[in-house]
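A short worksheet on the structure shown next.
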Amino acid sequence: MPGGTNLATPQSETRLATLRDALDYQPGLVIQDFFGGTDQPRLNIRGSGIQSNPVNRGVLLLQDGLPLNEADGSFVMGLLEPRNASWISVRRGANAGSPGATTLGGELEFNSLTGADEAGRLRLESGSFGRQAVQVAAGLAEAGHDARVSISQDQYDGYRHHSASHRTLVHSNFGLDLGDGVENRSYLSWSDLTFEIPNVITKARLEDDPRSVLGDGNTAQDHLLNVYRRDPHRDTQQLRLANRTQWQGTGWQQSFGVYGQNTVDDFTDPLSHTLTDSDTLGAQWSLEGEQRLFDYRFGAGWSYSDITRELYANSGQDGSRLQRFGDFDLEARNVDLLAGLDWHLAQDWTLVTELKWSDVSRDASSRNSNASLDQSWDFATPKIGLNWTPSENQRWYANISRSHEAPTFWEIVVGQVPPTAPAQATASLTELNVQRATTYEIGGQGRIGSNEWSLSLYHSDVDDELISTSDSLGVRVGTYNYASRTRHRGVEAGIKGLLPTSATLGGDLAYRLAWTFSDFTFRGGEFEGNQIAGVPRQLWAGELLYRRGPWSIGPNLRWLPQDTPTDHANTRNNYQDSYALWGFKASYKVNEGLSLYLQGDNLSDEVYASSYVIRNRADASQPTFLSGNERSLSVGMDYRF
């Protein structure tokens, strides 16, 4: 691919409590914790979905090649399970290969462990703030078939008040080798995620009492948005069934998969309850092969979601539901086609071309009134790139591409509840345009001895960027297309390998370092020249491990060297302050199947904001920030048999 990609192997990590544990040292990925447990971190790639949390969009998630998103593009990040993945691949931006991956962010794929990978596994984890986790997996493989089932459970009391979380995940798959190059695999999964939401606090409160929530004090804000009385939380269950067949011949291979999932979601913020029941169906086909000087690929995808969404006012006294002020039938449909042709111009040069065409619709109607809004779009998403491979261990590339992102129903359906007058709550439908961008990218990757490096530089000119904002209380209030152009540009760099050591050291020094630089700005309009709020300008993640025999031990660092604006007006007294979080990790491999680990995070006990809500304009008196965890320790055991 003529562009930036990542390949992570989560089973080589120690703790795998969150998605950041699996992807922390990957350039180009910005993962911002919300509450530090099994909740919903904000995932951002190249500014796609930059404002989307508490409901994520902007990236196509894949499980074994098939989409995990609802057909409107939304997904629940907390349902992902890195402990069940043999590898995680990220194809950033236009480097995404799926027919429906047309957004600025690209795609992120989880590849499941199978019964052929291991006979069984027991993983136990325990740590500060009541963190407890267990995973039990069993697999078998005999001639022509294999099967695996994994059950995992996480419990977390939470660092902050009112931030407990609980998650149970069941993943299973069954594979058949049908002969003549034909393989079939079926997948069945069940996910149950529940977490309390401590909500945001002011910068002054974060610095004085980072564990606190509104309701712990005696101010007007504490009385109005008392978290204990309003009980914001999220409770999500998902059942998913999928099947995929792959077959191949001389010089070609193709696959066909189908999937269906039901997602029941109760998302309660301090002012309202949003109840969603979604049924999603989809199918995807791909064919790729080679013919003389050409490689070709074709693909097609179809997805459909039938969604009901009800909105209730929050009583503010005991978190109960008051009147239903919104009741909607929602339908999302997508048809996506892909055609690509790569031309091997010379031994070291390949011209890569691709065209995707999409027909998408988002139809919404109210059961309470005659209000309805049907929106549909057709768009082509082309790409042209060049690969130069001067040696086996070195590759350089350049590409030009387009991207498109249609709004989700979380942007289209808007509820507003006055905090002091919940009886006046209203719901409305918002007409939005597709976010579009043209992206230019250059970079390379390679290996020098035992060291691997990667570098991507990109520049995206964005039209109609989807901007989501929160009100003065920190509650999301709506989304709009920015009236002028915006620009996303950045650098994604990573290096890992072994440092030279002397014979007296008796071991080796393994390192990983990732740098993600994001320069996202408004090019005109109301906020011309300002930084787009939501993503740190620089993010560094590094690790150095001394490895000798069965031991591995060393420090790590997560560093934001610059303050980050939380509003598009860039109000200086309400920035997220820079921080440096030092950690430590030690692991011991008892034998071939058993390993133990000890991990410390934020050892200097830094007080910092892990994330925040985004506004057009803000000031320091408004609750904005989510506190990051203080010093913590984790221990764990991983036994494979």
Side-chain angles (χ1 to χ4, degrees), residues 34-35 37-43 49 51-58 68-70 72-80 158 162-167 191-200 213 225 227 229-239 261-280 305 307-316 318-330 332 364 407-417 419 422 425-428 430 468-471 473-479 611 613-614 626:
F34 256 46
F35 321 131
T38 55
D39 42 77
Q40 48 186 31
R42 175 188 282 149
L43 171 67
Q51 342 237 334
S52 59
N53 209 279
V55 181
N56 292 93
R57 60 168 174 82
L68 282 168
N69 302 52
E70 308 294 343
D72 70 339
S74 64
F75 56 89
V76 181
M77 179 63 69
L79 299 179
L80 298 178
H162 197 77
S163 64
S165 58
H166 173 86
R167 182 177 64 180
S191 307
D192 185 1
L193 170 67
T194 301
F195 57 87
E196 297 173 330
I197 300 175
N199 217 36
V200 289
V213 297
L225 296 177
V227 165
R229 292 203 308 262
R230 293 184 177 272
D231 189 28
H233 64 272
R234 191 165 196 179
D235 188 356
T236 307
Q237 294 83 39
Q238 185 179 85
L239 176 65
Q261 62 190 35
N262 171 255
T263 307
V264 178
D265 182 35
D266 171 5
F267 175 58
T268 298
D269 64 36
L271 301 182
S272 65
H273 300 252
T274 302
L275 308 183
T276 304
D277 192 334
S278 174
D279 291 308
T280 296
S305 286
I307 303 171
T308 60
R309 178 161 295 163
E310 299 175 88
L311 285 75
Y312 295 83
N314 190 325
S315 71
D318 56 6
S320 61
R321 301 173 197 167
L322 296 178
Q323 84 282 6
R324 185 176 63 189
F325 65 91
D327 190 3
F328 296 92
D329 284 322
L330 312 171
T408 74
F409 287 122
W410 290 97
E411 284 82 45
I412 294 171
V413 178
V414 179
Q416 292 187 325
V417 184
T426 60
S428 60
T430 304
S468 299
T469 62
S470 300
D471 63 13
L473 304 177
V475 177
R476 181 171 171 163
V477 292
T479 301
S611 192
V613 294
I614 299 170
L626 295 162

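- Rounding to the nearest 0.5 Å gives a distance of 9.5 Å between CD of Q237 and CG of N262.
- Qualifying side-chain hydrogen bond (donor to acceptor under 3.5 Å, both in side chains) partners for T276, counting only residues two or more places apart in sequence or in other chains: R309.
- Evaluation of the side chain to side chain contact (heavy atoms under 4.5 Å, CB included) rule for E70 yields D72, S74, Q238, Q261, T263, S278, T280, S305 as partners, not counting sequence neighbours.
- For the pair T236/F267, no side-chain contact is recorded, criterion being any heavy-atom separation below 4.5 Å from C-beta on.
- A 4.5 Å side-chain heavy-atom check between V213 and P198 finds at least one atom pair inside the cut-off.
- Using a 3.5 Å distance cut-off with no hydrogens or angles, the side chains of T408 and R57 do not pair a donor with an acceptor.
- With a 4.5 Å cut-off on side-chain heavy atoms, N56 and V76 do not count as touching.
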Side chain to side chain contact (heavy atoms under 4.5 Å, CB included), that's the test. Do N314 and V417 meet it? Break it down for me. CA-CA 8 Å; N314 190 325; V417 184; over 6 Å; no
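- Between the side chain of E310 and the backbone N or O of H273 there is no donor-acceptor pair closer than 3.5 Å.
- Here D327 pairs with R324, R367 under the salt bridge (charged side-chain N to carboxylate O under 4.0 Å, His left out) rule; sequence neighbours left out.
- Listed by chain and residue number, Q416 satisfy the side chain to side chain contact (heavy atoms under 4.5 Å, CB included) test with T426 (two or more places apart in sequence, or in another chain).
- Partner of R234 under the side chain to side chain donor-acceptor pair (under 3.5 Å) criterion, chosen from D265, D269, T194, T274: D265.
- Considering CG of L79 and CE of M77, their distance stands at 10.0 Å, rounded to 0.5 Å.
- A donor-acceptor distance shorter than 3.5 angstrom exists from the side chain of H162 to the backbone of P232, with no hydrogens or angles considered.
- Taking D471 as the reference, nothing meets the side-chain hydrogen bond (donor to acceptor under 3.5 Å, both in side chains) condition, with sequence neighbours excluded.
- Every side chain to side chain contact (heavy atoms under 4.5 Å, CB included) that V200 has, sequence neighbours left out, goes to V613, P623, L626.
- N199 places a side-chain heavy atom less than 4.5 Å from the side chain of P270.
- Shown here are the side-chain hydrogen bond (donor to acceptor under 3.5 Å, both in side chains) partners of S163, two or more places apart in sequence or in another chain: there are none.
- One distance of note links CG of L311 with CZ of F325; it measures 4.5 Å at 0.5 Å rounding.
- In this structure, the side chain of D235 does not engage the main chain of D266 through any donor-acceptor pair within 3.5 Å.
- Under the side chain to side chain contact (heavy atoms under 4.5 Å, CB included) criterion, A364 pairs with L330, F409, L429, sequence neighbours left out.
- Considering CD1 of I307 and CG of D277, their distance stands at 9.5 Å, rounded to 0.5 Å.
- Every side-chain hydrogen bond (donor to acceptor under 3.5 Å, both in side chains) that S315 has, sequence neighbours left out, goes to D318, S320.
- In this structure, CH2 on W410 lies 11.5 Å from OG1 on T479, to the nearest 0.5 angstrom.
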